[in-house]
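Below, chains carry the letters A, B, ... as their sequence lines are ordered, and counting in each starts from 1. Since we're looking at a predicted model, the values are computed, not measured.
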Protein chains: 2
Amino acid sequence: MIDKDKYRERIIKASSEIFSRYGYNKTTMDEIARALRKGKSSIYYYYKSKEEIFEAVIDYEAQVLKSELSAVIKSTDDPESILRRYVEVRMNSFEKLSNYYNAIFSSDLSHFDFIEKQREKYDRMEEAFIRYVLWKGTRSGHFNLNDTGLAALAVHTALKGLELPLFWEKRSYEMEIRLDAIINILFYGIVRK
Amino acid sequence: MIDKDKYRERIIKASSEIFSRYGYNKTTMDEIARALRKGKSSIYYYYKSKEEIFEAVIDYEAQVLKSELSAVIKSTDDPESILRRYVEVRMNSFEKLSNYYNAIFSSDLSHFDFIEKQREKYDRMEEAFIRYVLWKGTRSGHFNLNDTGLAALAVHTALKGLELPLFWEKRSYEMEIRLDAIINILFYGIVRK
DNA sequence: CGACTCTTCGACCGGATCATTCTAAGAAAG
DNA sequence: CTTTCTTAGAATGATCCGGTCGAAGAGTCG
């Protein structure tokens, strides 16, 4: 009874690894059980279904990413390198999770409406993060913006534009260039001369 | 009629990517077909079975690795850096193919005796490669060996010892260290003082 | 035009796999 | 001994997947 939460956590961590590697469909409950050295039915004692585990995993990953990004924006570096590191962390994480994305973007959206909500929640959080970075940068005189809210929206949209290629191509030199280009363009429009 | 071989090649290249990502079992014929934008049954016009495709893919990958390694040992650098680059290329390739390995090391070895043969063939080739590098190095005075054949066997065995962790752990800092250690040890025992 | 070959594909089949349930039985606690 | 917590082997029903078959475009030759 005591360890129930602990066990749930272990399940999430193991599942997270397997899901991120193979995606939702290709991951089997047997594999998850094997990774935990437990019988398959034991897992059903802690989670009601595969879908519920997936849900929890998505939640967990979002949490991890959030805390990583949170750490970045709280650092005392200059705003410019904070923004750079923010983008870097974000893209690395998305690349790692591209298998989830493949799962999400495939046929069965019907059952996965919780992802829609997760996504929205995450979008709002991210916008707030960016707004905060921009606001701090403007305050300290590094950036030159009169409407940080609008600018945050723009930056956020630009970053989202970089996500899509992750489903199609694998990360390439092409992409590094594009990423660098977009961030530099953002800067030249943002940084005080 | 003309393009049949061309098509087989396309199938191999597409399959190679999917197999290396998901392993044998988790790769479906439908996926291969989808990647080629063809119907599943069309593929059976070019290859008799999934196993036959897998066989061809393994063959193709071995060919690629062989030519890469061949290019390395033919370079005119000093023997020491050739050997270093040889190990590097070899390990990178093996890492990329670790999913095949997982497939190979799983249950159904019964049907995959061709892999045994492939493996033997490749082992002999690799030993010859290493022997050649060691021989060239000895000849130019960089190495100090009186039996290059035996030394090649030793080096080859040592490198094979590095393969196993690839199935268990993912590449880590730990492994970099181990790789570096083994290659340095080999050198200090080999290089003329 | 037809006869003939080359190539593609949708529909289907039977066996395998998978998520999920059920039942029972070790532990642990009281 | 009874009760609660935890595990797992076996069973089940639904889905998936490798492989087959027959038909039908699409050229090609006479």
**Q.** Whether over 12 other heavy atoms sit under 6.0 Å from B/Arg8 CZ
**A.** yes
**Q.** Gap between atoms CZ and P, on B/Arg8 and C/dT8 respectively (whole Å)
**A.** 13 Å
Q: Please report the C-alpha distance between B/Lys38 and B/Tyr7 in whole Å, then the side-chain angles of each, then the deciding distance to 0.1 Å, and finally whether the side chain to side chain donor-acceptor pair (under 3.5 Å) criterion is met.
A: CA-CA 11 Å; B/Lys38 283 277 142 57; B/Tyr7 225 99; 2.3 Å; yes
Q) Over how many whole Å does the gap from A/Ile43 atom CD1 to D/dT6 atom P extend? A) 15 Å
Q) Among C/dT7, C/dC9, D/dT6, which is the nearest nucleotide to the side chain of A/Tyr45? A) D/dT6
Q: Report yes if a side-chain nitrogen or oxygen of B/Ser42 is closer than 4.0 Å to either non-bridging phosphate oxygen (OP1 or OP2) of C/dC9; otherwise report no.
A: yes
**Q.** Row check, B/Tyr24 ring normal vs B/Lys50 NZ/CZ: under 6.0 Å, within 45°
**A.** yes
(Q) Less than 3.5 Å apart, any donor N or O on the side chain of B/Tyr46 or B/Glu52 sitting next to an acceptor on the other? (A) no
Q: Could you check how far NZ of B/Lys6 sits from C1' of C/dC6, rounded to whole Å?
A: 18 Å
**Q.** Annotated protein contacts, base or backbone, on nucleotides 17-23 of chain D with a non-hydrogen cut-off under 4.0 Å, one of B, S, - each
**A.** SBBBB--
Q.
Rounded to whole Å, how long is the line connecting atom OH of A/Tyr22 with atom P of D/dC16?
A. 20 Å
Q) What is the nucleic acid contact for B/Tyr46, judged by heavy atoms within less than 4.0 Å: base, sugar-phosphate only, or nothing? A) sugar-phosphate
Q: Please state how far atom CD in A/Glu31 lies from atom C1' in C/dT17, giving the value in whole angstrom units.
A: 12 Å
Q: To the nearest Å, give me how far apart CD1 (A/Ile11) and P (D/dT6) are.
A: 12 Å
Q) Donor-acceptor pair, A/Ser15 side chain versus A/Ile11 backbone, under 3.5 Å? A) yes
Q) Is there a donor-acceptor contact under 3.5 Å linking the side chains of B/Tyr122 and B/Gln118? A) no
